[in-house]
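I have placed the structure first, in the form of structure tokens, so that the comments after it can refer back to it.
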Amino acid sequence: MKHSFYDRPVVEVARDLVGCVLSCGDCAGVIVETEAYHYSEPASHAFVGVTPRTRTLFGRPGLAYVYRSYGIHACFNAVCEPEGVGAAVLVRALQPICGLAEMRARRGVEDVRGLCSGPGKLTQALGIELGHNGLDLVRPGPIQIDERPAAWRAVSLLTDTRIGITKAAELPWRFCAQGSRFLSRPVSRRSVAA
DNA sequence: CATGGGATTGACT
DNA sequence: GTCAATCCCATGC
């Protein structure tokens, strides 16, 4: 994906990333669920400004922001908007397409639907770790995001409220591929076409 | 320097 | 449905 793809409003990028392919090494999956985070709202890590933790979030669009969640899991984001803004898209779920055996080995799970159906699960399945924080997704490297395969070009999206947050919980900044069986959680009845 | 709280998951009732 | 695991780091004294 090009630099300019990420240098746009984060909600637009979150929507457009659904259907794209996230790969790390020999493993890959179609992104079926994303969430947008922006410095202006308190659910975003960038809300507190530039700190050692959030430095990457304020970097160039197209950087990977990887952070540790609950002391246990790694979560993967793509930095968006112009450098210095502080915004990113959290990738929450994938439909696995390549490297299934490696994913199963890393996850210790057989069911395909259990491999990448959550932000902590997909990083474990793909081997994404904290050391990948700050990697440039736009340049050649272990982690890539590629445009939608033909079958996903016209994917229908649903928008919903974000999961697992207590602040700014009302914003409809979660985006899901309609009908996907690989989501981290089903969409709520309140979800609407995006 | 001490404290508290997660953008989660999996095991258990 | 409930709950513990586990650790980084932002905050406040």
Side-chain angles (χ1 to χ4, degrees), chain A residues 6 9-15 17-18 22 24 29 31-59 61 63-81 85-94 96 103-135 137 143 145 158-177 181-188 190-191 194:
Chain A
Y6 301 101
V10 67
V11 172
E12 286 184 24
V13 182
R15 189 182 57 214
L17 275 176
V18 175
L22 171 63
C24 181
I31 297 170
V32 294
E33 179 180 348
T34 64
E35 288 177 357
Y37 288 87
H38 188 261
Y39 79 94
S40 61
E41 42 90 13
S44 170
H45 292 169
F47 185 71
V48 298
V50 181
T51 66
R53 181 198 200 192
T54 63
R55 188 179 71 259
T56 304
L57 268 176
F58 291 89
L63 294 186
Y65 169 55
V66 184
Y67 70 92
R68 186 168 297 295
S69 175
Y70 290 90
I72 304 169
H73 311 286
C75 292
F76 170 83
N77 301 250
V79 175
C80 298
E81 309 224 6
V85 170
V89 174
L90 170 68
V91 178
R92 289 193 53 88
L94 308 176
M103 292 187 190
R104 288 190 169 100
R106 289 197 179 109
R107 291 273 301 124
V109 165
E110 284 301 312
D111 182 1
V112 188
R113 292 173 63 177
L115 294 179
C116 298
S117 52
K121 296 179 183 179
L122 71 90
T123 54
Q124 185 183 29
L126 269 59
I128 296 174
E129 298 169 1
L130 290 194
H132 295 297
N133 183 46
L135 269 185
L137 304 171
I143 305 178
I145 299 180
L158 294 175
T159 184
D160 199 357
T161 52
R162 297 174 293 181
I163 293 177
I165 57 173
T166 58
K167 293 166 279 195
E170 72 288 353
L171 291 173
W173 284 3
R174 179 189 182 210
F175 296 91
C176 299
R181 293 157 43 242
F182 297 89
L183 302 178
S184 66
R185 295 185 50 175
V187 293
S188 74
R190 289 291 179 89
S191 67

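A quick note: this is a predicted structure, and the numbers were derived from the prediction, not measured. We name chains A, B, ... by the order of the sequence lines, and we start the count at 1 in each one.
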Practice task
Enumerate the residues from residues 85-94 of chain A whose closest heavy atom to DNA chain B is under 4.0 Å, giving them by residue number; use none for an empty result.
Solution key: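 Result for residues 85-94 of chain A: A:L90, A:R92, sorted by number.
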Problem - Contact residues, residues 117-124 of chain A to DNA chain B [heavy atom, < 4.0 Å] - result: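 Within residues 117-124 of chain A, the residues near DNA chain B are A:G118, A:P119, A:G120, A:K121.
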Please check this pair: side chain of [X] against backbone of [Y], looking for a donor-acceptor N/O pair closer than 3.5 Å.
X      : Y      : result
A:T34  : A:A14  : yes
A:E33  : A:R174 : no
A:S184 : A:A93  : no
A:D160 : A:S188 : yes

Who are the side chain to side chain donor-acceptor pair (under 3.5 Å) partners of [X], not counting sequence neighbours?
X      : answer
A:R15  : none
A:T51  : A:T54
A:H38  : A:S40
A:Q124 : A:R107

Handout entry: Pairing pattern in dot-bracket form [Watson-Crick, G-U; both distances under 3.5 Å; | = partner strand] for DNA chain C
Key = |||||.||||||.
Practice task
May I ask you to say what A:R185 touches in the nucleic acid, namely base, sugar-phosphate or nothing, with a heavy-atom cut-off under 4.0 Å?
Solution key: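 Counting heavy atoms under 4.0 Å across all strands, no contact is made by A:R185.
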Practice task
Answer with yes or no after comparing the ring centroid distance for A:Y37 and A:H45 against a 6.0 Å cut-off, counting only values under it.
Solution key: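 Judged by ring-centre distance (under 6.0 Å), A:Y37 and A:H45 do not meet the cut-off.
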Exercise for the section: Quick one: pull up CG in A:L122 and CG in A:L22 and give me the separation to the nearest 0.5 Å. Expected result: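 If we round to the nearest 0.5 Å, A:L122:CG and A:L22:CG are 7.0 Å apart.
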Problem - Span of DNA chain B in contact with chain A (heavy atoms, under 4.0 Å) - result: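 The footprint of chain A covers B:dG6 to B:dG10.
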Handout entry: Non-neighbouring partners of A:Y39 that pass ring-ring contact (aromatic ring centres under 6.0 Å, His included), sequence neighbours left out
Key =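 Partners of A:Y39 by the ring-ring contact (aromatic ring centres under 6.0 Å, His included) criterion come out as none, since no residue qualifies.
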Exercise for the section: State which residues pass side chain to side chain contact (heavy atoms under 4.5 Å, CB included) with A:L158; sequence neighbours excluded, sorted by chain then number. Expected result: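 For A:L158 the side chain to side chain contact (heavy atoms under 4.5 Å, CB included) partners, ignoring immediate neighbours, are A:Q178, A:V187, A:S191.
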Practice task
Identify, with sequence neighbours excluded, every residue that meets side chain to side chain contact (heavy atoms under 4.5 Å, CB included) alongside A:R55.
Solution key: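 Partners of A:R55 by the side chain to side chain contact (heavy atoms under 4.5 Å, CB included) criterion come out as none, since no residue qualifies.
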Practice task
Produce a footprint string for nucleotides 3-13 of chain C: one letter per nucleotide, 5' end first; B if the base is under 4.0 Å from any protein heavy atom, S if only the sugar-phosphate is, - if neither.
Solution key: --BBB-SSS--
Practice task
Decide, yes or no, whether a salt bridge links A:E41 with A:K167 under the criterion of side-chain N to carboxylate O below 4.0 Å.
Solution key: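 So A:E41 does not pair with A:K167 through a salt bridge.
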Problem - Atom CZ of A:R68 with >12 non-hydrogen neighbours under 6.0 angstrom - result: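 Enclosed.
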